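Here's the structure, in structure tokens; my notes come after.
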Amino acid sequence: MLPSVRSKITAFRGQIHALLQEAEKRNLTVSEDEAREFAKKQREELDKSSNAEEIQKAIDGLIQGLGISEEEYWTDYVVKGYMKQNTISKLRSEVLEGIEDQAKRNETWEEFVKTLTKSSSIDLKSIE
């Protein structure tokens with residue numbers, strides 16, 4: 001992997017880590033049960049989607065690449081991802097509460113992430 005790509009990935013992981021830590025401090029985490037329920041709903045919505053077949057093919061390719069079963073994908077793999085994603089979403093909602101203007105919301109979130117990441121004492125090597 002190219003050094004510039006590697007450093008961008010490391011920086012992104014650092015941002016995710018800092019956001020998750022901040023959400024935990026604010027007691028905004030998503031439980032495994034909540035994430036599992038969300039995954040169940042997403043799976044049900046997939047079946048109703050107009051491009052369900054196309055999405056399912058992409059999921060099947062990912063499942064094959066991961067070497068797991070479809071059931072493991074929906075009950076473990078995506079659950080872990082949804083725990084992180086939805087936790088960050090809760091944090092974002094709290095940070096942006098009361099801000100209606102979309103441009104201002106984007107600016108506020110970007111500044112929040114930048115400030116949080118700068119003030120965070122994360123050892124980026126430990127999360128690679």
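Everything quoted here is computed from the prediction, not taken from an experiment. Index from 1, following the sequence.
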Next on the checklist: Measuring from atom CG of Asn51 to atom CD of Glu53, what distance do you get when rounded to the nearest 0.5 angstrom?
Outcome noted: 10.0 Å

Checklist entry - Taking it one step at a time, do Glu44 and Lys40 satisfy side chain to side chain contact (heavy atoms under 4.5 Å, CB included)? => result CA-CA 6 Å; Glu44 291 167 0; Lys40 181 181 174 187; 3.5 Å; yes

Checklist entry - If you measure from CD on Glu37 to CD on Glu34, what distance do you get to the nearest 0.5 Å? => result 10.0 Å

Checklist entry - When rounded to the nearest 0.5 angstrom, what is the spacing between OG1 in Thr117 and CD in Gln15? => result 4.5 Å

Checklist entry - Could you walk me through whether Glu71 and Arg43 pass the salt bridge (charged side-chain N to carboxylate O under 4.0 Å, His left out) check? => result CA-CA 11 Å; Glu71 198 57 33; Arg43 191 175 190 179; 3.4 Å; yes

Checklist outcome for this item: Looking only at heavy atoms, the pair that brings Asp47 and Ala52 closest together is O-CB, 4.3 Å

Next on the checklist: I need the minimum non-hydrogen distance between Leu116 and Leu19, along with the two atoms involved.
Outcome noted: CD2-CD2, 3.7 Å

Checklist entry - Going by distance alone, is a donor N or O of one side chain under 3.5 Å from an acceptor N or O of the other, for Gln102 and Asn106? => result yes

Next on the checklist: Show the nearest heavy-atom pair for residues Glu70 and Ile63, with the distance to one decimal.
Outcome noted: CA-CD1, 3.7 Å

Checklist entry - Taking only residues two or more places apart in sequence or in another chain, which ones pass side chain to side chain donor-acceptor pair (under 3.5 Å) with Glu32? => result Arg36

Checklist entry - With hydrophobic residues grouped by side-chain heavy-atom distances under 4.5 Å, do Tyr82 and Ile88 end up in a single group? => result no

Item to check | Where Val79 and Thr75 come nearest, the two heavy atoms and their spacing | outcome: CG2-O, 3.5 Å

Next on the checklist: I need the full list of side chain to side chain donor-acceptor pair (under 3.5 Å) pairs touching residues 87-101, with sequence neighbours left out, sorted by first then second residue.
Outcome noted: Arg26-Glu94

Next on the checklist: To check you understand the geometry: which heavy-atom pair defines the closest contact between Ser31 and Met83, and what is its length?
Outcome noted: O-CG, 3.9 Å

Checklist outcome for this item: Scanning both residues in full, the closest heavy-atom pair of Leu96 with Trp109 reads CD2-N, 3.9 Å

Checklist entry - Say you draw a straight line from CD1 of Ile99 to OG1 of Thr108; how long is it, rounded to the nearest 0.5 Å? => result 3.5 Å

Next on the checklist: Show, in sequence, the C-alpha distance, side-chain angles and deciding distance for Lys48 and Glu45, and conclude whether the salt bridge (charged side-chain N to carboxylate O under 4.0 Å, His left out) test is met.
Outcome noted: CA-CA 5 Å; Lys48 299 175 192 173; Glu45 289 299 314; 3.6 Å; yes

Checklist entry - When rounded to the nearest 0.5 angstrom, what is the spacing between CD in Gln21 and CG in Leu91? => result 12.0 Å

Checklist entry - Hey, mind stepping through Gln56 and Asp60 against side chain to side chain donor-acceptor pair (under 3.5 Å) and telling me if it holds? => result CA-CA 6 Å; Gln56 188 61 52; Asp60 290 345; 2.8 Å; yes

Next on the checklist: I'd like to know if Val30 and Ile16 are part of one continuous hydrophobic network [Ile/Leu/Val/Met/Phe/Trp/Tyr, side-chain heavy atoms within less than 4.5 Å].
Outcome noted: no

Checklist outcome for this item: Here the gap from Ile68 atom CD1 to Asp76 atom CG, rounded to the nearest 0.5 Å, amounts to 7.5 Å

Checklist entry - According to a 4.5 Å side-chain heavy-atom criterion applied to Ile, Leu, Val, Met, Phe, Trp and Tyr, with indirect links allowed, do Phe38 and Tyr73 form part of one hydrophobic cluster? => result yes

Item to check | Hydrophobic cluster membership, Val95 vs Leu28, 4.5 Å side-chain cutoff | outcome: yes

